[in-house]
Amino acid sequence: MTDLLPVEPDSLALESDPTAYMLTALNRAKGWLEQAQSIESVRDAKAIAVGYESVIREKEMAFDAQLAATEIVRRCERRIGELVRVGQERGEIRKRGDDCRTDLVHRNVEGLLSPREATRIASASERTLHYAMADAPDEQFEQAIAEARDEGNLSRANVVRKVKGEPAPKTARDPIHYRTRHVDPVRVLRESSITLDGVSMALNAIAGLALDDEGRQWLDAASASLQQVSRRLHNVRRKGAA
């Protein structure tokens, strides 16, 4: 595990060339995950990758480095789903349709782990997304990852959507840039600020409400969009001050 993803990254190496550092980690992760047989070890690797992702984002390092860290997370989630399927085939993990009643001897599954116990993922909808990636053929998953990486959006929702072959959510045409040759930065920032205020109020209205599977996918998509907005605001601030 420490050879794959050190719990504490090499700060100097990471900051000097974050993209190269994370691409090396990603390549190691691909090979290691193919051989991994323990859900617990994969879960630990995912937690470390999430930590890398957070550090890279907070320090505003290269976006490609963040994508590499996020890709490791997605690959860990897929492997967890695959190992659940393996455990179900071996009769070690309960699968859909298994009867938990112990008074029926011919269907007694006492001693089997539930998927929740095996993965320590409480959310059934989150486990479902892991399975969606795991159940996809290798070629289909790799294509989904490649397309999501090219878009700069490796959120779980986007990868699962591509694995399933679902269309991307429709977005309205941006009126700020429509048929304009010269963009007024003040107008763009004013309109963006007003829009973001509206988004903030709308999200506050649903805070604390339960989400179904589709809702969680849209939450992931919104989080990915927020990251892109934050990066672009940072670029505007940096270039505007130059």
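One-based numbering along the sequence shown.
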Side chains of Gln143 and Glu147: donor-acceptor distance under 3.5 Å anywhere?
yes
Single hit among Ile39, Val86, Leu112, Leu83 for side-chain contact (heavy atoms from CB on, under 4.5 Å) with Ile93:
Ile39
Are Leu154 and Val73 connected in the hydrophobic side-chain network, where two residues link if heavy atoms are under 4.5 Å apart?
no
Between Leu209 and Leu219, is there shared hydrophobic-cluster membership here, with clusters defined by ILVMFWY side-chain heavy atoms closer than 4.5 Å?
no
Could you go step by step and tell me if Gln228 and Arg231 meet the side chain to side chain donor-acceptor pair (under 3.5 Å) rule?
CA-CA 5 Å; Gln228 293 184 29; Arg231 286 194 303 273; 4.8 Å; no
For a side-chain contact (heavy atoms from CB on, under 4.5 Å) check, start with the C-alpha distance between Tyr52 and Ile72, then their side-chain angles and the critical distance, and finish with the verdict.
CA-CA 10 Å; Tyr52 274 59; Ile72 295 175; over 6 Å; no
Do Gln66 side-chain atoms and Glu53 backbone N/O form a donor-acceptor pair below 3.5 Å?
no
Test item: Asn27 side-chain N/O and Leu23 main-chain N/O as donor-acceptor pair under 3.5 Å:
yes
Applying the salt bridge (charged side-chain N to carboxylate O under 4.0 Å, His left out) test to Glu142, which of Lys30, Arg75, Arg74 qualifies?
Arg75
Determine all donor-acceptor pairs shorter than 3.5 Å in which one atom belongs to a side chain in residues 119-127; sequence neighbours excluded.
{"from": "Thr119", "atom 1": "OG1", "to": "Pro115", "atom 2": "O", "distance (Å)": "2.8"}
{"from": "Thr119", "atom 1": "OG1", "to": "Ile121", "atom 2": "N", "distance (Å)": "3.2"}
{"from": "Ser123", "atom 1": "OG", "to": "Ser125", "atom 2": "N", "distance (Å)": "3.4"}
{"from": "Ser123", "atom 1": "OG", "to": "Ser125", "atom 2": "OG", "distance (Å)": "2.9"}
{"from": "Ser123", "atom 1": "OG", "to": "Glu126", "atom 2": "N", "distance (Å)": "3.1"}
{"from": "Ser125", "atom 1": "OG", "to": "Arg216", "atom 2": "NE", "distance (Å)": "2.8"}
{"from": "Arg127", "atom 1": "NH1", "to": "Ile121", "atom 2": "O", "distance (Å)": "2.5"}
{"from": "Arg127", "atom 1": "NH1", "to": "Ala122", "atom 2": "O", "distance (Å)": "3.4"}

For residues Val42 and Trp32, determine if any side-chain heavy atom of one lies less than 4.5 Å from a side-chain heavy atom of the other.
yes
Looking only at atom types and distance, does a side-chain atom of Ser54 sit under 3.5 Å from a main-chain N or O of Val50, one as donor and one as acceptor?
yes
Evaluate the side-chain proximity of Met61 to Leu14: yes if any heavy-atom separation is below 4.5 Å, no if none is.
yes
Test side-chain contact (heavy atoms from CB on, under 4.5 Å) on Lys164 and Met133; report intermediate values, then the result.
CA-CA 9 Å; Lys164 292 181 176 181; Met133 291 185 283; over 6 Å; no
